[in-house]
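Data first, discussion second: the structure below is written as structure tokens.
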Amino acid sequence: MSGGVTTAALRTAAGLRTAAADGEDDGPPVTTPRTPAREAAERELSKPAYHENDPSLLQRLLDWLWDRVGALLSSAAQATPGGWVGLTVLACAAVLLVIALRLRLGKLRPEPTSEGGTLFDERHRSAAGHRAAAETHASAHRWSEALQERMRAIVRSLEERALLDRRPGRTADEAAAEAARTLPDHAEALRAAAHAFDEVTYAKRPADTAAYSAMRDLDDTLQHARPLLPETGAPGDGDSDTPENDAARRTTTVPDGGRR
């Protein structure tokens, strides 16, 4: 039992002695042994009236947790140069680092991908129509929508130039991979453009003016880019340039029926 209960028991025993002394002034003093006095005090203090204002189980648990946290912080403060001041500086630095990383990286999301999503919606627009829509969004500082329309303009322009076949359901990643075959010098830029489109469209990461400017510059560059087309009519197709065929082509018929 705690020291408070023992103290109360002693006080109860003292009270019993005082009451006996007050009742019988001339008689011998009444003494109560320590153990019965303690048990009597415990029985008295176990009554509900003495526990009406006791903290609840949750409050006791919270108090215990705070005591442990306080002890931990005290130990950390003793081990940190500067004591509590040094510990406070370190805590503030950690909080600032977390905020900086949060602002730099944005929301934590899975790596964006266009798998299962298509590049174009049901509306069919020309490349010029997508460019006009992109500029309308850009003038209103809607950079995400502007970037999306510019990516669609890039792919639609390649389709109009017959560098990509018109295929419904194509994703941005697929378009970039297919376009890189005929525009190998711009393969990396096309992959970066598709990734930016996926981040905006599927990962919901907002674009900014720099991201849109990069997409617009790529669109302008690809409009003047010369594609790498497969060669046709290679030697060996049709008539070959063998000595026999060359001689046959040089052979002509003379009026006398001889050969020259």
Side-chain angles (χ1 to χ4, degrees), residues 106 109-243 245-246 249-250:
R109 295 188 178 92
E111 186 68 16
T113 176
S114 59
E115 182 178 357
T118 58
L119 179 63
F120 296 101
D121 53 22
E122 296 180 355
R123 297 174 299 175
H124 181 82
R125 288 181 178 176
S126 64
H130 285 295
R131 291 187 185 104
E135 289 302 309
T136 299
H137 288 304
S139 63
H141 294 178
R142 295 189 295 267
W143 304 116
S144 297
E145 293 83 352
L147 184 144
Q148 290 172 318
E149 290 297 329
R150 273 288 173 173
M151 183 63 192
R152 295 180 179 120
I154 289 175
V155 177
R156 185 69 77 200
S157 177
L158 296 175
E159 291 177 352
E160 291 173 355
R161 295 170 60 188
L163 300 181
L164 287 177
D165 62 312
R166 293 180 180 271
R167 178 161 54 86
R170 177 187 278 122
T171 66
D173 295 329
E174 293 172 345
E178 295 170 14
R181 299 170 188 166
T182 55
L183 298 167
D185 294 340
H186 305 282
E188 186 63 30
L190 285 166
R191 282 193 293 268
H195 183 75
F197 179 88
D198 292 344
E199 283 192 325
V200 168
T201 307
Y202 307 107
K204 305 302 180 183
R205 293 175 180 165
D208 53 16
T209 179
Y212 173 69
S213 298
M215 188 75 74
R216 180 185 57 197
D217 293 343
L218 177 61
D219 184 21
D220 295 339
T221 300
L222 293 180
Q223 292 181 60
H224 306 286
R226 298 185 61 180
L228 179 64
L229 299 177
E231 297 180 359
T232 57
D237 296 339
D239 294 337
S240 61
D241 291 334
T242 62
N245 290 337
D246 186 61
R249 284 195 297 270
R250 292 198 303 270

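Note that this is a predicted model, so its numbers are computed, not measured.
- Taken from CD in E178 to CG in L163, the straight-line distance is 12.0 Å, to the nearest 0.5 Å.
- Closest non-hydrogen pair, P227 versus L183, comes out as CA-CD2, 3.8 Å.
- A donor atom on one side chain and an acceptor atom on the other are found under 3.5 Å apart for Q148 and T201.
- Taking both residues in full, the closest heavy atoms of A194 and A172 are given as CB-O, 3.5 Å, listed atom of the first, atom of the second, then distance.
- Side-chain contact check for R170 versus D165: some heavy-atom pair is nearer than 4.5 Å.
- One distance of note links CZ of R152 with NE2 of H130; it measures 7.0 Å at 0.5 Å rounding.
- Taking NE2 of H195 as the reference point, atom CE of M151 lies at 12.5 Å (rounded to 0.5 Å).
- Taking every heavy atom of both residues into account, R125 and A133 meet most closely at NH1-CB, 3.1 Å.
- Considering every non-hydrogen atom in both V200 and A207, the closest pair reads CG2-CB, 3.8 Å.
- At a threshold of 4.5 Å between non-hydrogen side-chain atoms, the residues L222 and L190 count as touching.
- For CZ of R167, the number of neighbouring non-hydrogen atoms (other residues, nucleotides, ligands) closer than 6.0 Å is greater than 12.
- Residues A146 and Y212 share a closest heavy-atom pair of O-CE1, 3.4 Å.
- Annotation: the span from R166 atom CZ to H124 atom NE2 amounts to 5.0 Å, rounded to 0.5 Å.
- Contact record, A196 with M215: CB-CE, 4.4 Å, taken as the closest heavy-atom pair.
- The distance from atom CH2 of W143 to atom OG1 of T209, rounded to the nearest 0.5 Å, is 4.0 Å.
- Distance alone, capped at 3.5 Å, places no donor-acceptor pair between the S157 side chain and the I154 backbone.
- Under a 4.0 Å N-O distance rule, the pair R216/E149 does not qualify as a salt bridge.
- For R191, the salt bridge (Lys or Arg N to Asp or Glu O under 4.0 Å) test picks out E188, with sequence neighbours left out.
- Rounded to the nearest 0.5 Å, atoms CD (E145) and OG1 (T136) are 12.0 Å apart.
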> Yes or no on side chain to side chain contact (heavy atoms under 4.5 Å, CB included) for L228 and D185, after CA distance, side-chain angles and deciding distance?
Replying inline: CA-CA 9 Å; L228 179 64; D185 294 340; over 6 Å; no
>> Go through it in stages, so that I can follow the logic: the residues are L218 and R150, the test is side chain to side chain contact (heavy atoms under 4.5 Å, CB included), and I'd like the CA-CA distance, side-chain angles, deciding distance and then a yes or no.
In response: CA-CA 9 Å; L218 177 61; R150 273 288 173 173; over 6 Å; no
